[in-house]
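Written out below as structure tokens is the structure these notes cover.
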Amino acid sequence: QQSIQPHAAELRPSVVVVGSNETTTSDTTGEEVDEVAPRSSKNALTPAVTPDVISFNSVICAWAHRGNVEKALEWLSRLQDYQAPGRSVGPDVYSYTTVIQALTTGRRRRAEYASKALELLQEMVDQSNIDSGAQRLTPNIYTYTAVVRALCHNQQQQKAQDLVRQMWRQVEKQPEQPANQKLEDDNEATLPVRPNVVTYSILIQGWAKVASQQPELAVRQALG
């Protein structure tokens with residue numbers, strides 16, 4: 001099955017400096033990272049070794065991979081509130097997408113997880129619309145597909161279907177670009193996101209749980 005997330009190396013670095021003479025690798029467990037990370041602000045000797053978004057993303061990723069949704073959400077909240085000396089630090093698309101994906105793989109299925117996934121997606125969209133410089137928060141295909149998975153995982157297939165339709169409505173509103181016009185990276189990041197084969201595969205699987213005796217109905221529902 002095709003992965004809906006970037007390669008692990010894109011989500012978390014192999015080594016992250018989180019404090020003076022202390023490092024954590026991408027294989028570090030959540031508890032180990034949680035133990036080291038809070039001490040970074042106390043032990044940092046210069047702004048160069050204070051945590052940045054990559055440091056926080058590594059902690060979020062460690063907890064997400066262990067299926068601890070509450071801890072992943074807690075560290076996303078810490079990142080939102082964190083003020084680094086002399087610079088702005090805040091979550092990016094990987095921070096949010098990692099947490100949303102955790103909502104689909106948590107140890108327990110909870111109805112509020114699906115609502116939280118939608119809430120985080122809306123938060124990203126709103127922030128991107130308010131601040132033109134917040135393109136690092138613009139949801140990408142991995143984000144939307146993770147939300148679709150979270151909704152289907154928690155038996156909210158209709159909301160997942162509505163989200164896919166909303167994605168297509170946004171695409172239809174976008175003026176066509178000339179075929180020979182090359183977009184700058186910044187402009188490309190703001191384009192509407194088209195559902196892909198993975199998005200639809202997850203949606204079909206979601207409907208299949210409802211119509212287990214009629215697989216063709218699941219396909220019609222997902223593509224309708």
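Residues: numbered from 1 along the sequence shown.
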_Least distance between heavy atoms, Val147 atom then Ala117 atom_ = CG2-O, 3.9 Å
*Looking at Lys209 and Cys152, what are the two nearest heavy atoms and their distance?*
NZ-O, 4.1 Å
_side chain to side chain contact (heavy atoms under 4.5 Å, CB included) partner of Leu120, the single match among Thr143, Val125, Leu76, Thr97_ = Leu76
*Any side-chain heavy atom of Val53 sitting closer than 4.5 Å to one from Tyr94?*
no
*Are any side-chain N or O atoms of Ser77 and backbone N or O atoms of Leu73, one a donor and one an acceptor, separated by less than 3.5 Å?*
no
*With a 4.0 Å cut-off, would you call Glu74 and Lys71 a salt bridge?*
yes
_Straight-line distance of Tyr82 OH to Trp75 CH2, nearest 0.5 Å_ = 10.0 Å
*Are Asn57 and Thr98 close enough, and set up right, to give a side-chain contact (heavy atoms from CB on, under 4.5 Å), and what steps lead you there?*
CA-CA 8 Å; Asn57 282 352; Thr98 302; over 6 Å; no
*Between CD on residue Gln80 and CD on residue Glu123, distance to nearest 0.5 Å*: 5.0 Å
*Cation-pi check, Arg165 onto Trp168 ring (under 6.0 Å, within 45° of axis)*: no
*asked:* Going by salt bridge (Lys or Arg N to Asp or Glu O under 4.0 Å), name the residues that satisfy it together with Lys159, two or more places apart in sequence or in a different chain.
replied: none
_Could you go through Tyr113 and His153, starting from their C-alpha distance and side-chain angles, then the distance that decides it, and tell me whether this counts as side-chain contact (heavy atoms from CB on, under 4.5 Å)?_
CA-CA 9 Å; Tyr113 283 0; His153 183 74; over 6 Å; no
_Gap separating the SG atom of Cys61 from the CD1 atom of Ile54, nearest 0.5 angstrom_ = 12.5 Å
*Does Tyr142 offer a backbone N or O that forms a donor-acceptor pair with the side chain of Thr145 under 3.5 Å?*
no
*Minimal non-hydrogen separation, Pro91 against Leu137, with atom names*: O-CD2, 3.3 Å
*Out of Leu121, Asn196, Ile100, which residue meets the side chain to side chain contact (heavy atoms under 4.5 Å, CB included) rule with Tyr144?*
Leu121
*Donor-acceptor contact below 3.5 Å, side chain Gln170 vs main chain Pro192*: no
*Do you know the tightest heavy-atom contact between Ala72 and Trp63?*
N-CB, 3.9 Å
*Approximate separation, where rounding is to 0.5 Å, of Leu163 CG and Leu118 CG*: 6.5 Å
*Establish, from distance only, whether the side-chain atoms of Asp162 and Gln158 form a donor-acceptor pair under 3.5 Å.*
yes
*Between Met167 and Ile141, which heavy-atom pair has the shortest distance, and what is it?*
CE-CD1, 4.2 Å
*Where is the tightest heavy-atom contact between Leu79 and Ser95, given as atom of each residue plus distance?*
CD2-OG, 3.6 Å
*How many angstroms lie between CG in Asn154 and CD in Glu112, if you round to the nearest 0.5 Å?*
8.5 Å
*Which distance, rounded to the nearest 0.5 Å, do you find between the CG of Leu151 and the CZ of Arg149?*
12.0 Å
